[in-house]
Amino acid sequence: MATKVVRRHTNRPERSVYARPAGGPSKTVCAFWAAGRCTREFCRFLHADAPPSSMNPQISKKSSLVWTKEGTATGKGNACNAPQKSNAPQESNAAQTQKSNAPQKSNPTPKNVCKFWVDGNCVKGDRCLYLHNWFRGEGFSILAKLQGHTKAVTGIALPERTNKLYSTSKDGTARVWDCHTGECGSVIDLGGEAGSLISEGPWVFAGVPNLVKVWNTETNSEFNLDGPVGQVHAMVVGNEMLFAGTQNGDICVWKGSTETNPPFYPAATLKGHTGAVVCLTVGRNRLYSGSVDHTIKVWDLYTLQGVLTLNGHSGAVMSLLCWDQFLLSCSLDDTIKVWAATEGGGLEVTYTHNEEQGVLDLAGMTDAESKPICFLLAMIILSAYMNCHHSLKEADYLQNKKFGRWR
């Protein structure tokens, strides 16, 4: 059997890799030398003990620790377990420090509202690079001031599936604003001071003395609803009906229909208040109306019959807000009252908040964590009453019931 003889070069010194000289000025210890397998005659990295850990935390003594991807070390095994590429270039301390201090890349936070989402036709969903809500972050900030009305603004409305904002004023006009540019696109002569403005779906309703003006934003049609006596101070939509509170204390009701022209016809007139009806709201199959006669009346939304009369305020009831099983009311008597259902089917005051300025209007919404925020429009200032849910918790505790969504 033939035997192959391996010859060594006589001019190559027989010495350990640990004794081979470094071939360059680098201050980085050769990782292959530390592992006992550097084969370069003149390696440009150090073949010596590791510098202090403060200089290069990724290099440890040659046979006691194992390096990991995060630059940490464990006391098990040996340095040969560290993943290395045979001819990978070594990085200097400065380069490693620069990498470690470099800002980490992250997905940019969207800052602009998606215009397709506003129009109701964004198809990207969670993959969209723009906001699918009207604001982000904490708190509120002014985006723009829409200037044009010459007297007090009495209502604003943002109809569905459109980028137009409607506003009415005591100057007898309605203005249509572009939500993207903030520019006024058109001015509509109402023929009298506007008392209220709401929208429902594509419909926009403006209350003026002795009638309600109606626009359809999809078909660009418009018409008038006759019947009110005096100024229309408040409107609300519920159970496919439009309710309008008037100066003489009546509540005019129109029913929506696809078979009539115009598509609304008179359904009833609710009588009971002795003063002007200035606020309306719908909740839990009930219509609630507030009046300057200091009372709140409760109506069945299906039979349109009066159910209750609430006597708790000593001033005009300016605004009503339904949230779950609670009814909130504010009045010129400088109080906000929280009403809760009783076992007998009535409503009783479970909490009263005093507001020195007097309150003109209530509005509610939820934040990003589904926590409630209640806004109070006071006589002098607009304030966000952020801890309203604590008051309701107290009211619910007094009732010994579950609190529902408020938390």
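Quick note: numbers below take in every heavy atom, side chains included, and nothing from hydrogens, waters or symmetry partners.
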ask   = Just checking, is any N or O donor in the side chain of Ser221 or Asn216 under 3.5 Å from an acceptor N or O on the other one?
value = no
key: Between Asp119 and Asn121: side-chain donor-acceptor atoms closer than 3.5 Å   = no
Nearest heavy atoms of [X] and [Y], plus distance in Å:
| X | Y | result |
| --- | --- | --- |
| Phe243 | Gly238 | CE1-O, 3.6 Å |
| Cys279 | Met318 | CB-O, 3.4 Å |
| Thr281 | Leu321 | CG2-N, 4.5 Å |
| Ser289 | His273 | OG-NE2, 2.7 Å |
| Ser329 | Leu320 | CB-CD2, 3.5 Å |
| Glu193 | Pro209 | O-CD, 3.2 Å |

Is it the case that the side chain of [X] and the backbone of [Y] share a donor-acceptor pair, with hydrogens and angles ignored and the cut-off at 3.5 Å?
| X | Y | answer |
| --- | --- | --- |
| Thr342 | Gly346 | yes |
| Asp250 | Cys252 | no |
| Asp171 | Thr173 | yes |
| Thr217 | Pro202 | yes |
| Ser196 | Val232 | yes |
| Asn210 | Gly230 | yes |
| Asp333 | His313 | no |
| Thr246 | Gln231 | no |
| Ser169 | Lys151 | yes |

How about [X] and [Y]: do any of their side-chain heavy atoms sit closer than 4.5 Å?
| X | Y | value |
| --- | --- | --- |
| Ile296 | Trp339 | yes |
| Leu242 | Trp203 | no |
| Asp334 | Glu355 | no |
| Ser257 | Tyr265 | yes |
| Arg284 | Cys322 | no |
| Arg175 | Ile188 | no |
| Lys115 | Asn163 | no |
| Tyr288 | Leu310 | no |

Rounded to the nearest 0.5 Å, what's the gap from [atom1] on [X] to [atom2] on [Y]? Could you check?
| X | Y | atom1 | atom2 | value |
| --- | --- | --- | --- | --- |
| Lys124 | Asp126 | NZ | CG | 13.0 Å |
| Ser319 | Leu360 | OG | CG | 9.0 Å |
| Glu240 | Lys255 | CD | NZ | 5.0 Å |
| Thr168 | Leu197 | OG1 | CG | 4.5 Å |
| Leu328 | Leu362 | CG | CG | 6.5 Å |
| Asp178 | Thr162 | CG | OG1 | 9.0 Å |

query = Going through the distances and angles, do Thr309 and Lys297 end up as a side chain to side chain contact (heavy atoms under 4.5 Å, CB included)?
reply = CA-CA 5 Å; Thr309 298; Lys297 288 191 176 293; 2.8 Å; yes
message = Is it the case that atom CD1 in Ile156 sees more than 12 heavy atoms from other parts of the structure closer than 6.0 Å?
response = no
query = Does CZ belonging to Phe116 count more than 12 external heavy atoms closer than 6.0 Å?
reply = no
message = For Phe264 together with Phe205, are the ring centres under 6.0 Å from each other?
response = yes
request  = Could you go through the side chain to side chain contact (heavy atoms under 4.5 Å, CB included) check for Leu327 and Val298 one step at a time?
outcome  = CA-CA 11 Å; Leu327 173 69; Val298 185; 5.7 Å; no
